[in-house]
Amino acid sequence: KERGELSYYYAHNRGHGSLVSKPQTLKSVQTQPSAAPTAPTALPSASAVSSGVGHFNTKQSPFGTDITGYETITTYTWEDHASTVKVLLPLEGVGKLPADSVKSKFGLRSFEILVNGYEGKNLRFATFKTHGELQPEECKHNVRANRVTVVLKKAKD
């Protein structure tokens with residue numbers, strides 16, 4: 001290995017892969033042995049069953065969004081300030097999208113950003129459980145030319 005290849009940036013595959021990933025599906029657990037192997041199937045969640053939406057992992061969607069139509073944004077940076085946390089999502093050219101293409105949802109300890117129609121794809125970034133509580137009504141997102149900035153207001157300073 002060359003010098004520096006084992007550094008943090010190389011270890012986390014910076015610049016070598018995609019900025020998005022496909023949503024995960026749940027696999028069923030086979031409890032009874034059978035003669036013929038069966039293919040894994042997705043398990044329905046309580047919200048998906050009651051709403052008739054496709055099956056998905058509710059841990060990946062804190063607000064019940066059907067994530068099967070979205071790819072996950074996997075590259076981000078963040079800044080921790082005294083009363084806020086900023087999450088920066090780099091998306092080249094996102095500022096050219098219509099204003100209603102980027103939507104956000106905030107909860108006491110979770111948030112979700114949906115970007116529809118970015119380069120022909122729907123993208124999503126979500127956190128199921130933040131380190132501390134938020135003030136959802138004070139949280140927001142800002143769309144810039146090449147990034148989406150999520151501003152999370154902390155409940156306690």
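Heavy-atom minimum distance, V85 versus W78: CG1-CE3, 4.5 Å. Residue L88 comes nearest to P90 through the heavy atom pair O-CD, 3.5 Å, listed as atom of the first residue, atom of the second, then distance. For H141 against V102, the heavy-atom pair with the smallest separation is NE2-O, 3.4 Å. Here the closest non-hydrogen pair linking F106 and F111 is CD2-CB, 3.5 Å.
Of the possible donor and acceptor atoms, one in the side chain of N122 sits under 3.5 Å from a partner among the backbone N and O of G117. No side-chain donor-acceptor contact under 3.5 Å links T65 to the backbone of I67.
Considering OH of Y76 and OG1 of T127, their distance stands at 7.0 Å, rounded to 0.5 Å. Of the inter-residue distances, the one linking N146 atom CG with E92 atom CD reads 4.0 Å to the nearest 0.5 angstrom. Distance check: E119 CD to L97 CG gives 9.0 Å after rounding to the nearest 0.5 Å. Here the NE2-CG distance, from H81 to L152, works out to 11.0 Å after rounding to the nearest 0.5 Å. Taking OG from S101 and CG from L114, the interatomic distance works out to 11.0 Å, rounded to the nearest 0.5 Å. For the atom pair CG of L91 and CD1 of I73, the computed distance is 4.5 Å after rounding to the nearest 0.5 Å.
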Check against side-chain contact (heavy atoms from CB on, under 4.5 Å), N116 and Y70: CA-CA 9 Å; N116 294 310; Y70 290 89; 3.1 Å; yes
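Annotation: side-chain contact (heavy atoms from CB on, under 4.5 Å) contacts of Q135 (sequence neighbours excluded): E137, E138, K153, A155. Residues passing the salt bridge (Lys or Arg N to Asp or Glu O under 4.0 Å) test with D80, sequence neighbours excluded: K154. Under the side-chain contact (heavy atoms from CB on, under 4.5 Å) criterion, L108 pairs with P136, not counting sequence neighbours.
The closest side-chain heavy-atom distance from V87 to F125 is below 4.5 Å. Contact check for F128 versus E112: no side-chain heavy atoms found under the 4.5 Å cut-off.
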